[in-house]
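Here the structure comes first, spelled out in structure tokens, and everything after it is commentary.
Treat the numbers as computed from the prediction; the structure is a model and nothing was measured. Read the numbers this way: they start at 1 and go in the same order the structure lists the ligands and their atoms.
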Amino acid sequence: MPAIVVLGAQWGDEGKGKATDLLATSQPIDFVVRTSGGHNAGHTIVVNGEKYATHLLPSGILTPGATSVIANGVVVSPEALFAELDGLIARGVDVAQLVVSANAHVIASYHVAIDKVSERFLGKNQIGTTGRGIGPAYGDKVNRVGVRVADLFDEGILRQKVEAALEVRNQVLAKIYNRRAVEVDAVVEELLSYADRLRPMVADTSLLLNRALDEGRTVLFEGAQATMLDVDHGTYPFVTSSNPVAGGVCVGAGVGPTRIDRVIGVIKAYTTRVGSGPFPTELFDEDGANLQRIGGEIGVSTGRTRRCGWYDAVVARYSARVNGLTEFFLTKLDVLDTWERIPVCVAYEVDGVRHDEMPMTQTEFHHATPVYEYFEGWGEDISGCRSFEELPKNAQAYVQALEEMSGAPFWAVGVGPGREQTVVVRDR
Ligand code: GDP
Ligand code: IMO
Ligand code: MG
């Protein structure tokens with residue numbers, strides 16, 4: 001199976017890092033690729049009890065022998081990239097095999113400034129972004145005033161591009177947000193200062209990946225963000241500014257859809273969300289606080305507390321559909337160990353009408369209230385289970401019930417943060 005996509009099936013933080021790590025240790029992986037988003041992501045992997053967090057880099061940077069790729073669809077902050085690399089180097093990680101697309105767009109300091117100031121301007125309507133400049137960088141890309149990685153190697157072109165970008169951005173900063181305009185010279189100087197270190201990493205990553213696939217090598221596309229944060233298919237406008245869905249992987253890598261073999265949706269046994277936006281199964285009671293505490297639900301990038309709620313099978317079915325999932329990886333089942341009764345949202349009610357599928361409009365989604373079915377808890381620690389049969393009967397029944405209502409088969413179930421804390425349901 002040479003091309004595997006791992007993506008988030010809810011609102012992020014499902015355990016994509018763990019899924020990558022698990023796949024990379026159960027079979028040889030030649031390339032691990034990020035295709036969208038930037039350092040707004042935070043992926044955790046736990047190796048021999050030691051915790052690592054990656055942001056802009058794929059967590060596959062920790063996989064010995066694999067080449068990490070930052071493909072064209074990613075927005076790259078060179079400052080964040082080098083800080084992350086230096087952090088890993090300091091911990092003894094070999095980061096030599098990293099390739100960055102010449103066509104990836106660059107996040108400069110003005111994108112970060114605009115992200116922060118525009119959020120403040122939105123007041124109570126703010127998106128709750130990570131403040132990393134992601135939206136403004138993608139905005140410049142779509143407005144055709146973006147700066148790409150290759151531009152950093154030609155000062156004349158870089159200056160032209162920065163001038164074009166700042167022509168509008170500075171007007172907005174000064175006249176709308178009442179901020180000081182950004183100096184072209186300062187930005188050019190800042191970006192040029194990264195060029196020497198970046199140059200040896202830069203390549204045509206579409207060519208590299210397609211050749212690798214031609215040779216039968218294994219490529220793992222490690223998603224960031226998630227389906228419900230997708231700018232087209234998520235809870236717009238409370239989304240990120242890229243396409244974390246499976247289709248976005250092809251665009252973001254320059255690899256055709258016919259090359260993809262497996263599309264794995266990572267999904268928690270409950271639901272979390274960071275930032276603003278609708279969340280039908282969100283809990284505001286003790287159960288929510290307990291999910292947050294037991295699940296350790298604190299953002300890896302921003303340190304924000306994650307909102308928590310029950311499993312939402314409507315979201316799962318929607319993710320299975322828009323991504324064409326071949327399977328799910330269900331994570332964090334162990335977090336539910338202590339509940340006597342576990343609610344699962346099987347449908348929504350919107351203004352008195354039952355919806356088994358995602359409502360068509362955002363307004364309806366904002367009005368959706370969950371229709372719950374209840375499952376018996378198992379009341380014991382499952383973190384030591386290593387096969388499906390070892391799980392308590394009620395845990396097996398919970399997993400089977402979720403699988404039946406989620407629209408794709410379950411490949412494996414996570415029972416703890418470590419890679420070995422996994423129960424394979426179906427071998428692939
Ligand atoms: P990502 O952004 O999708 O990679 O996920 P994050 O790393 O932001 O958040 C997932 C968190 O859950 C991390 O702290 C993981 O170590 C942890 N985790 C992943 N799988 C499991 C699991 O099966 N059980 C438990 N208890 N923790 C898990
Ligand atoms: P991983 O890869 C969870 C959320 C932000 C905010 C919205 C837009 O770790 O799953 P942005 O800075 O992207 O413009 O913010 O998207 N968000 C995430 N939430 N996990 C992530 O990444 C996220 N990346 C962005 O909280 O609501
Ligand atoms: Mg995360």
| message | Starting from atom 12 (O) of ligand 2, what is the nearest protein heavy atom, named by residue and atom, and what distance separates them? | response | T130 OG1, 2.6 Å
| query | Any nitrogen or oxygen of G17, main chain or side chain, under 3.5 Å from a nitrogen or oxygen of ligand 1? | reply | yes
| field | Minimum-distance pair of heavy atoms, taken over all atoms of L22 and R419 | value | CD1-O, 3.5 Å
| field | Element-labelled atoms of ligand 1 that are located less than 4.0 Å from some non-hydrogen atom of G15 | value | 1 (P), 3 (O), 4 (O), 5 (O)
| message | Using a 4.0 Å cutoff against the non-hydrogen atoms of K16, which atoms of ligand 2 qualify? | response | 1 (P), 2 (O), 10 (O)
| Pair Y270 + Y311: ring centers closer than 6.0 Å | no
| said: Pairs of nitrogen or oxygen atoms closer than 3.5 Å, one from G416 and one from ligand 1: do any exist? | reply: yes
| request: Can you figure out which of T44, V266, T422 has its heavy atom closest to atom 15 (C) of ligand 1? | output: T44
| said: So for ligand 2, is D115 a polar contact partner (N or O within less than 3.5 Å, distance only)? | reply: no
| query | Is there a nitrogen or oxygen of R132 sitting under 3.5 Å from a nitrogen or oxygen of ligand 2? | reply | no
| Aromatic ring proximity, centroids under 6.0 angstrom, W411 and F329 | yes
| request: Decide whether the shortest distance between a heavy atom of G42 and an atom of ligand 1 is less than 4.0 Å. | output: yes
| Purely on distance, is any nitrogen or oxygen of V274 under 3.5 Å from one on ligand 2? | yes
| Close N or O approach (S241, ligand 2; < 3.5 Å) | no
| What angle, to the nearest 10°, do the atoms O (G42) and OD1 (D13) form about the Mg ion (ligand 3)? | 160°
| Pair R307 + E282: basic N to acidic O under 4.0 Å | yes
| query | With atoms numbered from 1 as shown, which atoms in ligand 2 lie under 4.0 angstrom from a non-hydrogen atom of R304? | reply | 5 (C), 26 (O)
| N/O separation below 3.5 Å, T331 to ligand 1 | no
| R341 NZ/CZ over Y374 ring centroid, <6.0 Å and within 45° of normal | yes
| query | Quick one: does V335 get an N or O within less than 3.5 Å of an N or O on ligand 1? | reply | no
| Is R306 near ligand 1, meaning one of its heavy atoms is under 4.0 Å from it? | yes
| Nearest heavy atom to atom 11 (C) of ligand 1: which of K18, K332, Q225 does it belong to? | K332
| query | Got a salt bridge between E14 and K332, using NZ or NE/NH1/NH2 to carboxylate O under 4.0 Å? | reply | no
| said: Out of all atoms in ligand 1, which are within 4.0 Å of some heavy atom of G414? Include the element for each. | reply: 23 (O)
| Thinking salt bridges, do R169 and E167 make one under a 4.0 Å N-O criterion? | no
| task | For A224, take its heavy atoms, then give the atoms of ligand 2 lying under 4.0 Å from any of them. | result | 2 (O)
| Short N or O distance, G42 and ligand 2, threshold 3.5 Å exclusive | yes
